[in-house]
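Letters go in sequence order (proteins before strands), and every chain restarts at 1. What's counted below: heavy atoms across the whole structure, side chains too, no hydrogens, waters or symmetry copies.
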Amino acid sequence: VNLISSKASIGKNVKFGSFVIVHDNVTIGDDSVVESYCELGYSNGREKGPLHIGANAHVRSHSILYLGCSIGAGLVTGHHAVIRENSRIGKGFQLGSSSISMGELEVGDFVKTGSQVEIGQYSRVGSYVWIFINSMLCNDPRPPSDEVRGPDVDDFAIIGAGCTVFAGVRIGKDALVGGGSVLSVDVPDGQVAIGNPSKIVGPVSSIKMSDGTPAYPWRYRFHRGYPKDVVERWLREAEAMKRTSS
Amino acid sequence: VNLISSKASIGKNVKFGSFVIVHDNVTIGDDSVVESYCELGYSNGREKGPLHIGANAHVRSHSILYLGCSIGAGLVTGHHAVIRENSRIGKGFQLGSSSISMGELEVGDFVKTGSQVEIGQYSRVGSYVWIFINSMLCNDPRPPSDEVRGPDVDDFAIIGAGCTVFAGVRIGKDALVGGGSVLSVDVPDGQVAIGNPSKIVGPVSSIKMSDGTPAYPWRYRFHRGYPKDVVERWLREAEAMKRTSS
Amino acid sequence: VNLISSKASIGKNVKFGSFVIVHDNVTIGDDSVVESYCELGYSNGREKGPLHIGANAHVRSHSILYLGCSIGAGLVTGHHAVIRENSRIGKGFQLGSSSISMGELEVGDFVKTGSQVEIGQYSRVGSYVWIFINSMLCNDPRPPSDEVRGPDVDDFAIIGAGCTVFAGVRIGKDALVGGGSVLSVDVPDGQVAIGNPSKIVGPVSSIKMSDGTPAYPWRYRFHRGYPKDVVERWLREAEAMKRTSS
């Protein structure tokens, strides 16, 4: 019992669940899965173009994707996820269950979030960023206002669970925001911020795995779910790093 | 494919999405939109009356509205929103995506919330109040218990993102609760509370916009989405204020 | 308009809403209710067995239950709830609206959660535990990693609203984690933790109800929703306690 618009462009080998709605002006890439109770191509009247979903997408049940978005290959959403209008989203985006991408934003490649996350409007999120459960990127320093400004999160940054990231804050490359933080200050590259209000407490290099090896940058040790060529680049980088430091 | 009860009273020019359920004893005002996968008139057996939705409502997809509620004109919900039983809700209520109004509560006119908000049972929320993303109003000081008491939020108050407001707390008129606060104390009219645990840190008048003008009370500068007569009243009030202070 | 697999085993007197999907390898106990837009027996390919739901279940609308779970009698979910794969869940589990049980976990009997809660993978939750709105149990101390370890929450513990519980933390029997806490330390039996970062501040016995009687252990005073034999055991225990202390 699906309602797929004849004006939608559906790739090869796309599988639909039941009770799915696909509106006009939606493109779905090859080998994608759109589960039950999803609505693709939702319009709130503010969209500036069609919805383009790359190949190999997996949209879990009860999710809603708006018009005006360009989403790279390999999208994965949890259940009850929402991706709002006018966003440019890279490859391999994973948005957790009940998480919301509020629209008018930019997300790089291989960004992954936990559940119940909110990426506020006008956020800029780099590539290979992690945002864990129940964290949010805010955008209004003096709410309510029209002087909104999203946070700017650089590549490989990690935002722990339950964090409130204030409007306009910059989180540097390889930086780590500890769980439960309320972040109102910028975090320099490779530094750790934690607390409410958050303070910078030192470099990520001070954090070790249980065997004593460095935990960060995480890309030197954690590779699950990333493409082979990307992982090889990370391993070469790690090797070069080791040679330099020894 | 909608299931609309013949015992529901549907106004003129009401538009339905698909896979919509409307139960008995539901009234929907003229010119409303009820999107796909919504269920209106849900019963948990505790409702004390029908569900009345005023004119010009816009209920976004996957939302659930319970019996026992009277909701003024201009309701807007996000996706996956829930409004539970026995609540008296004013005009212009906006409830964000994945937000929950837990029932047995009172909400004034033009109250607006972000996503993932929870308004706990027995809360009393005045008019023109803002509750931003992921904030919650709690109601049980010694959980679990039957000695529950909702917070009391006065007109024009602002609760920032990611706040936990404890049971029975009073937030005064024009008061501001900063993002990420855990609020266990009352906030006097026009004061700012922030932190975990929150402290009162001064008057809202100390906060300025980027051009140096006062940011609060916000109604003197922010008018988007409010009726013309309301905005004119605010502007007259602002003018009178200026004359008094000069 | 329901899609119920002929390979599902449906008990006596089970009621379905509309637009319900029940996949293969699902058992639903007698006298259960499965509301509209629910999907039971969802597969993400990682399940290690069927989905078994005990008698008297009440699954509220828009919820998703995965294969690989064994759930005791008396399950109640809110709306938009998700219970993921390979979990052993006891009797009387109540999971709030928009809450997520992330899978690969163990939950005892009569565990109750508020809305927007997340129980992380590999968590171990005892019996008669309360987890209030918007709280989460995390599992990765150095995210992202494969060295994950869920929290361990003992019987009768209470986790207040808006708490972030770090990976591997142990919360003792009868312990209380105050609202808004960011918990990175273990909480001994019967102790109270609060704050960000949380500290142990004393025994639960110091907290009183409004009439001056002890608030905790809560099972000596709060009985709504528990079986008669369980409540009688609690009352006998309370009586014995009183005799000992006098």
Side-chain angles (χ1 to χ4, degrees), chain A residues 1 17-19 35-37 58 60-62 76 78-80 96-99 112 114-117 128-135 156 158-164 176-182 194-198 204 207-211 213-216 218-219 221-226, chain C residues 1-3 18-21 23 36-39 42-44 61-64 66 79-84 97-102 115-121 134-147 149 162-168 180-184 195-198:
Chain A
V1 204
S18 302
F19 312 114
E35 297 187 353
S36 303
Y37 316 104
H58 191 148
R60 290 215 168 78
S61 74
H62 301 83
V76 176
H79 307 279
H80 310 115
S97 290
S98 291
S99 288
K112 306 189 187 204
S115 309
Q116 302 166 329
V117 160
Y128 310 101
V129 168
W130 286 88
I131 306 175
F132 286 92
I133 44 169
N134 216 0
S135 284
F156 303 105
I158 310 115
I159 300 173
C163 290
T164 304
L176 170 65
V177 182
S181 294
V182 176
I194 197 157
N196 178 5
S198 286
V204 293
I207 304 174
K208 309 293 181 192
M209 297 305 288
S210 56
D211 65 359
T213 57
Y216 299 97
W218 59 263
R219 69 185 172 279
R221 59 165 176 84
F222 184 85
H223 304 135
R224 182 159 39 85
Y226 297 97
Chain C
V1 205
N2 293 323
L3 303 171
S18 301
F19 312 114
V20 171
I21 301 173
H23 296 284
S36 301
Y37 316 105
C38 282
E39 184 170 7
Y42 180 94
S43 164
N44 66 351
S61 75
H62 300 83
S63 292
I64 300 129
Y66 280 49
H79 308 279
H80 309 116
V82 178
I83 298 180
R84 285 187 45 182
S97 290
S98 291
S99 288
I100 306 176
S101 174
M102 285 293 286
S115 309
Q116 301 167 330
V117 159
E118 170 153 335
I119 309 179
Q121 280 189 320
N134 217 0
S135 284
M136 60 201 125
L137 306 188
C138 303
N139 64 18
D140 191 348
R142 302 166 203 87
S145 88
D146 288 320
E147 290 192 358
R149 232 179 89 198
C163 291
T164 304
V165 177
F166 277 24
S181 294
V182 176
L183 187 71
S184 57
N196 178 5
S198 285

Aromatic ring pairing A:Y226/A:F222, orientation class (parallel under 30°, perpendicular over 60°, tilted between):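 Answer is perpendicular, since the angle exceeds 60°.
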
On the 0 to 90° scale, with breaks at 30° and 60°, tag the C:Y66-C:Y42 ring pair as parallel, tilted or perpendicular.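 Geometry flag for C:Y42 against C:Y66: tilted rings.
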
Heavy-atom contact with chain C under 4.5 Å, split by part of A:K112: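 Neither the backbone nor the side chain of A:K112 comes within 4.5 Å of chain C.
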
Tell me, for A:A215 versus chain C, whether the close heavy atoms (under 4.5 Å) come from the side chain, the backbone, both or neither.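 Contact with chain C: side chain only.
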
Measure centre to centre between the rings of A:Y37 and A:H79, then say whether the value is under 6.0 Å.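 No - the distance between ring centres of A:Y37 and A:H79 does not fall below the 6.0 Å cut-off.
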
What residue in A:M209, A:R60, A:R224 has the most heavy-atom pairs under 4.5 Å with chain C?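 When all of A:M209, A:R60, A:R224 are compared, A:M209 has the most.
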
At a heavy-atom distance under 4.5 Å, which candidate from A:A161, A:S210, A:G195 has the highest pair count against chain C?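 Counting heavy-atom pairs under 4.5 Å, the top option is A:S210.
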
Gap between atom OG of A:S97 and atom CD of C:E118 - 0.5 Å precision: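 Output value for this atom pair is 8.5 Å.
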
Chain A contact via C:V117 - which portion, at a heavy-atom distance below 4.5 Å: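 Contact with chain A is through the backbone of C:V117 alone.
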
Please classify the contact between C:Q116 and chain A as side chain, backbone, both or neither, with a heavy-atom cut-off of under 4.5 Å.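 Its backbone and side chain both get close to chain A.
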
Please identify, among C:D140, C:N44, C:I100, C:D146, the residue contributing the most non-hydrogen atom pairs under 4.5 Å to chain A.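 Top count of heavy-atom pairs under 4.5 Å with chain A: C:D146.
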
Distance-only, no hydrogens or angles: does the A:S115 side chain make a donor-acceptor pair with backbone N or O of A:I133 under 3.5 Å?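 No.
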
Going by heavy atoms in the side chains, are C:F166 and C:V182 under 4.5 Å from each other?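 With C-beta onward as the side chain, the pair touches.
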
